[in-house]
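Written out below as structure tokens is the structure these notes cover.
Order of appearance sets the numbers: ligands from 1, and atoms from 1 within every ligand. Sequential numbering from 1 along the given sequence is applied to the chain's residues. Hydrogens, waters and symmetry mates play no part in the numbers below; they use all other heavy atoms, side chains included.
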Amino acid sequence: MNVPVIEARGVTRTYGEVRAVDGVDLDVAPGEIFGLIGHNGAGKSTLIRLVLGLVAPQAGEIRCMGVPVLGPAFRDVRRQLAYLPENVAFYENLTGLETLHFYAKLKGLTLSAARPLLDKVGLAHAAQRPLRGYSKGMRQRLGLAQALLGTPRLLVLDEPTTGLDPAGIREFYGILEDCRARGMTIILSSHNLAEIEGHLDRLALMSQGRVRATGNLDTLSRELDLPVQIALKLKPGVEQSFGAWLARETGLKLAPRGEGYGFTCTPARKMSVLAALATRGAEVLDIDLKRPSLEDVYLEHTAAFAGGSPC
Ligand code: ATP
């Protein structure tokens with residue numbers, strides 16, 4: 001089996017009375033896009049800083065690419081990590097290109113790496129402009145370009161899409177998919193559950209410094225037995241008889257939903273209900289299934305812990 005890129009065991013970090021990260025166990029596999037999800041103050045940024053060796057745990061151990069973080073061999077591993085913090089700070093008087101040149105030099109890379117990255121993040125047109133004239137979204141793009149310098153093996157992004165417009169967000173996730181396809185491992189935290197949902201291989205739900213659940217969205221929603229929503233478009237005039245048949249056959253209750261009708265059922269019953277619906281093909285003009293969203297899973301998990309408002 002491949003060595004996990006990150007292995008955390010019993011990791012704890014406190015600040016005074018606050019247990020920012022509290023006994024966390026976590027594995028992140030090579031080549032996955034892994035999400036840290038949680039409310040404000042859940043401990044996501046602290047966990048990220050622990051993983052990167054920017055702060056030390058008071059208990060537990062973290063290995064990064066098989067090497068203990070903060071141990072003597074971590075120095076070499078660190079060169080293969082890149083981090084985009086939540087608020088990127090740059091020198092305002094440098095241009096975008098000069099900024100990337102500066103970081104390329106710091107990382108011991110040739111300057112030729114800079115321009116293609118500015119193209120990649122959609123900043124080619126602003127390469128010669130000083131950063132004091134950059135918008136928040138442009139700074140985020142530049143931050144991503146800086147993080148990608150040197151093609152790191154692990155890319156860690158804290159709230160990376162803050163300030164990006166919808167097109168920028170789409171481009172951003174396109175770049176991440178491309179990085180993953182080339183074998184990079186990516187850890188990102190976000191509050192925007194709808195936005196992040198389709199891009200994660202696995203995720204950890206955090207609250208009050210603890211990891212409450214890990215897995216992919218399907219597994220987590222099946223574990224919680226969250227209902228699937230089924231929306232129907234019915235032949236006009238059959239609503240009553242169809243509703244009566246559904247109740248008799250399945251015990252489920254049909255209700256008006258938007259321009260059509262719908263009902264919910266457990267994931268375990270989904271296939272048998274669909275099979276029953278297939279026998280009524282003449283009355284059912286269209287069917288839509290909506291599986292539980294990341295927000296549904298998050299809210300169901302955090303409902304048990306009065307740890308803060310949803311994202
Ligand atoms: P957000 O989504 O708001 O960025 P987060 O999930 O990233 O939150 P953290 O920033 O990790 O949460 O904070 C977790 C807890 O630890 C919070 O209660 C925070 O106030 C506390 N904390 C984090 N860093 C420090 C610090 N340097 N000094 C004191 N307390 C801290």
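Among residues two or more places apart in sequence or in another chain, the ring pair (Phe, Tyr, Trp, His ring centres under 6.0 Å) test is passed with F172 by none.
Within the 4.5 Å cutoff, the side chain of V228 has no heavy atoms near those of the T264 side chain.
Protein neighbours of ligand 1 below 4.0 Å, counting non-hydrogen atoms: Y15, V18, A20, H39, N40, G41, A42, G43, K44, S45, T46, R49, E86, H191.
For residues 226-247, the pairs satisfying ring pair (Phe, Tyr, Trp, His ring centres under 6.0 Å) are F242-W245, with sequence neighbours left out. Among pairs with a residue in residues 162-186, those fulfilling side chain to side chain donor-acceptor pair (under 3.5 Å) read K120-D178, R141-E171, Y173-E195, E177-R180, E177-H199, R180-D201, at least two apart in sequence or across chains.
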Could you give me the CA-CA distance, side-chain angles and deciding distance for E283 and K235, then say whether salt bridge (Lys or Arg N to Asp or Glu O under 4.0 Å) is met? CA-CA 5 Å; E283 292 146 288; K235 196 170 158 195; over 6 Å; no
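T14 and Q58 form a side-chain donor-acceptor contact under 3.5 Å, judged by distance and modelled atom types alone.
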